[in-house]
Amino acid sequence: MARILITSALPYINGIKHLGNLVGSQLPSDVFARYCRARGDEVMYICATDEHGTPAEIAAAKAGKPVAQYCAEMHEVQADLARGFRLSFDYFGRSSSARNRAITQHLAGRLADNGLIEEVSEKQVYSRADGRFLPDRYIEGTCPNCGYDSARGDQCENCTKQLDPTDLIDPRSAISGSTDLEVRETRHLFLRQSKMRDRLNAWIDQKSDWPILTTSIARKWLNDGDGLQDRGITRDLDWGVPVKRGDRDWPGMEGKVFYVWFDAPIEYIGATAEWADANGLDDSAWERWWRTDKGAEDVRYVQFMGKDNVPFHTLSFPATIMGSNEPWKLVDYIKSFNYLNYDGGQFSTSKGRGVFMDQALDILPSDYWRWWLLSHVPENSDSEFTWENFQASINKDLADVLGNFVSRVTKFCRARFGEAVPEGGGYGPAEAAVIAEISRRVAAYEGHMAAIEIRKATAELRAIWVVGNEYLQTAAPWAVFKSDPEAAGAIVRFALNLIRLYAVLSEPFIPDASATILSALHLQSAEWPDDVEAALSTLPAGHAFDVPEVLFAKITDDARTEMQARFAGTQTAKA
RNA sequence: GGGCCUGUAGCUCAAUUGGUCAGAGCAGAGCGCUCAUAACGCUUUGGUUGGGGGUUCGAGUCCCUCCGGGCCUACCA
């Protein structure tokens with residue numbers, strides 16, 4: 001039994017996430033967590049909302065609410081949606097928690113003690129009307145290069161030229177539109193990542209089994225140009241973790257907060273501490289996951305994230321951990337994902353393009369989304385959601401291959417033998433062949449899950465479902481029944497056991513359907529089939545069951561067309 | 001501009017890291033079955049692996065080049 005710590009990248013607080021966000025981190029991490037638990041591993045699966053930063057303040061202002069209240073409400077909204085998608089977090093925390101605040105301040109203090117923090121004075125644009133400093137991309141103006149009038153301070157969207165905010169002609173605040181801007185001097189703390197470069201490089205070099213997407217991004221940052229740059233870790237904002245050096249004040253940093261990307265990954269630790277608090281446990285309960293001097297020596301730590309998160313998880317967060325010179329657990333494996341596109345373009349919040357988590361659950365049960373998203377998860381390159389593909393996958397894989405198998409077996413049994421597992425003869429060569437094939441396929445499935453190759457795992461799982469239909473077709477209990485009801489009974493008994501096996505194997509991907517099947521079979525729980533042959537003799541003759549309702553309803557052409565139109569957004573995908 | 005990823009059948013993806021006739025699912029065609037959500041099974045048609053050149057006994061895989069798609073480029077998170 002292994003101990004596995006799993007974290008999903010934190011969803012940002014300022015709104016409901018779309019399916020692309022879901023599939024890029026939370027969903028695959030959930031499958032992995034469920035699988036590890038099913039195999040008997042001790043799992044700690046952590047996620048949280050990432051609540052600090054300028055976008056949260058602006059979203060709160062737009063909603064007319066204090067930012068703390070806004071975040072509290074949005075956290076509940078996101079927690080609800082996570083439950084709706086059956087995300088099985090052991091704890092869903094908040095980066096604004098007291099726990100995270102304390103750990104963040106502690107680590108910053110340690111970094112300072114170790115000479116890895118530097119104070120830098122720099123000039124930034126301040127908006128008097130907004131009463132805040134503006135990050136580069138919150139400044140708009142006319143591009144000096146191409147004349148585009150909505151160029152951002154970091155880059156012109158029109159001509160793609162990199163800009164400095166002071167380059168812009170007639171600059172204005174993107175928040176209020178105010179042109180009452182000035183350049184002010186401000187002091188900030190920088191994490192001296194450049195001093196950590198060799199250590200980080202050596203660490204990344206060990207990770208030959210990581211996805212190339214992960215290591216190539218890390219190497220680029222480590223080696224590009226002058227190499228890894230120091231990074232500002234404080235901001236002039238109200239909402240965030242107040243800058244402190246451990247539990248002491250930090251002279252000169254009054255009124256400032258840590259940069260959201262400094263405190264967000266630390267919340268993986270913070271949320272685990274929140275979990276301990278919520279369960280009335282003491283610090284040792286969470287420290288045994290995070291401190292190698294307090295029991296985390298044997299923990300395997302796996303992170304899931306979209307590719308945009310990789311630099312922070314391969315560089316700045318490890319730099320924070322390593323630089324503390326304290327025995328914190330470092331990540332062992334980083335699984336990163338590409339993006340999911342929507343029907344010929346990108347998901348777009350502003351244009352209302354694509355399907356968002358709340359809408360998805362309004363339309364169809366979570367298992368449908370889970371299955372499609374996971375069987376198309378963008379592991380190797382960006383992938384694309386289309387309604388045609390979605391409809392085909394759901395109808396074929398879930399309704400026809402799995403759902404119909406459950407239906408045909410249970411209904412046939414009810415009609416000929418009643419709602420209980422039939423008596424009858426033993427298993428013969430046909431069953432032995434199925435056992436052999438499924439054993440082989442389960443081993444392959446386990447291999448893919450262990451390697452976190454989600455797509456391959458879904459393909460193997462589907463192939464295991466197909467074996468049931470092949471078996472039934474060949475065994476033909478409906479024909480055998482006419483001359484030899486006992487033999488037909490054995491076939492049905494075997495098929496009912498296959499259904500139970502499928503429920504167990506499928507649970508990481510489609511937990512609701514799995515639960516529905518087990519409940520129809522009058523089973524409370526189900527062990528992982530370490531021995532397939534034994535697993536297929538689990539349901540004894542005479543065991544009562546119910547014929548379940550239709551597991552997966554098909555998506556009709558009309559419904560598909562209607563949804564397609566509804567989520568197309570305000571602009572067409574292609575010009 | 002620089003860096004990285006990517007291009008395989010009509011569609012979505014594989015291919016044990018250079019090694020038999022490039023494989024699956026869906027869609028298409030034919031046959032079978034009738035227990036089942038008009039479901040299932042069997043058979044089968046589709047590929048000059050984006051183009052061109054090179055290395056090699058052997059290239060989807062390595063190198064060069066051209067074309068297309070995507071991402072990142074450090075103060076959005």
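All of these numbers come straight from a predicted model, not from anything done at the bench. In what follows, chains carry the letters A, B, and so on, assigned in the order in which the sequence lines appear, proteins first and then strands, with residues in each chain numbered from 1. Scope of the values below: all heavy atoms of this structure, side chains included, with no hydrogens, waters or symmetry mates.
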Could you go through nucleotides 15-17 of chain B and list every protein N or O atom that sits under 3.5 Å from one of its N or O atoms, giving the distance for each pair?
| unit_1 | atom_1 | unit_2 | atom_2 | d |
| --- | --- | --- | --- | --- |
| B:A15 | OP1 | A:Lys456 | NZ | 3.0 |

Assess whether one donor atom and one acceptor atom, taken from the side chain of A:Glu122 and the base of B:C75, lie less than 3.5 Å apart. yes

What's A:Arg219 touching, base or sugar-phosphate or nothing? Going by heavy atoms closer than 4.0 Å. nothing

Got a donor-acceptor pair under 3.5 Å from the side chain of A:Trp221 to the base of B:A74? no

Write out a two-atom table: protein N or O, nucleotide N or O from nucleotides 38-45 of chain B, distance below 3.5 Å.
| unit_1 | atom_1 | unit_2 | atom_2 | d |
| --- | --- | --- | --- | --- |
| B:A39 | OP1 | A:Lys554 | NZ | 3.3 |
| B:A39 | O5' | A:Lys554 | NZ | 3.0 |
| B:A39 | O2' | A:Asn404 | OD1 | 3.3 |
| B:A39 | O2' | A:Asn404 | ND2 | 2.3 |
| B:C40 | OP1 | A:Lys396 | NZ | 2.8 |
| B:C40 | OP2 | A:Lys396 | NZ | 3.3 |
| B:C40 | O2' | A:Arg408 | NH1 | 3.0 |
| B:C40 | O2 | A:Gln473 | OE1 | 3.1 |
| B:C42 | OP1 | A:Glu470 | OE2 | 3.4 |

Where each residue is assigned the nucleotide of RNA chain B containing its nearest heavy atom, which of A:Tyr138 and A:Lys411 is assigned the position nearer the 5′ end? A:Lys411

Give a yes/no verdict on base stacking between B:C35 and A:Trp478: centres under 5.5 Å, planes within less than 30° of parallel. yes

Regarding A:Gly227, tell me which of base, sugar-phosphate or nothing describes its non-hydrogen contacts under 4.0 Å with the strands shown. base

Can you check whether any acceptor in the base of B:C11 is under 3.5 Å from a donor in the side chain of A:Glu388, or vice versa? no

Output a table of donor-acceptor pairs, distance under 3.5 Å, between side-chain atoms of residues 483-490 of chain A and any protein atom two or more places apart or on a different chain; print 'none' if there are none.
| unit_1 | atom_1 | unit_2 | atom_2 | d |
| --- | --- | --- | --- | --- |
| A:Ser483 | OG | A:Val480 | O | 3.4 |
| A:Asp484 | OD1 | A:Glu486 | N | 3.4 |
| A:Asp484 | OD1 | A:Ala487 | N | 3.2 |

A:Tyr339 side chain near B:C72 phosphate (N/O to OP1/OP2, under 4.0 Å): yes

Return the value, rounded to whole Å, for the distance between atom CD1 of A:Ile266 and atom P of B:A77. 15 Å

Intra- and inter-strand pairing of RNA chain B, written as dot-bracket with Watson-Crick and G-U pairs under 3.5 Å and | for the latter, reads (((((((..((((.....[...)))).(((((.......))))).....(((((..]....))))))))))))....

Can you tell me the distance, in whole Å, between the NZ atom of A:Lys256 and the C1' atom of B:C75? 14 Å

Euclidean distance, atom CD of residue A:Glu460 to atom C1' of B:A14 [Å, nearest integer]: 12 Å

Look at all strands and tell whether A:Phe133 reaches a base, only sugar-phosphate, or nothing, counting heavy atoms closer than 4.0 Å. nothing

At a cut-off of 3.5 Å, list every protein nitrogen or oxygen paired with a nitrogen or oxygen from nucleotides 3-10 of chain B, distance to 0.1 Å.
| unit_1 | atom_1 | unit_2 | atom_2 | d |
| --- | --- | --- | --- | --- |
| B:C4 | O2' | A:Ser216 | OG | 3.2 |

For residues A:His75 and A:Glu51, determine if any side-chain heavy atom of one lies less than 4.5 Å from a side-chain heavy atom of the other. yes

Touch check for A:Gly232, heavy atoms < 4.0 angstrom, all strands: base, sugar-phosphate only, or nothing? nothing

Polar atom pairs between nucleotides 59-61 of chain B and protein, under 3.5 Å, N or O only, would you list them?
none

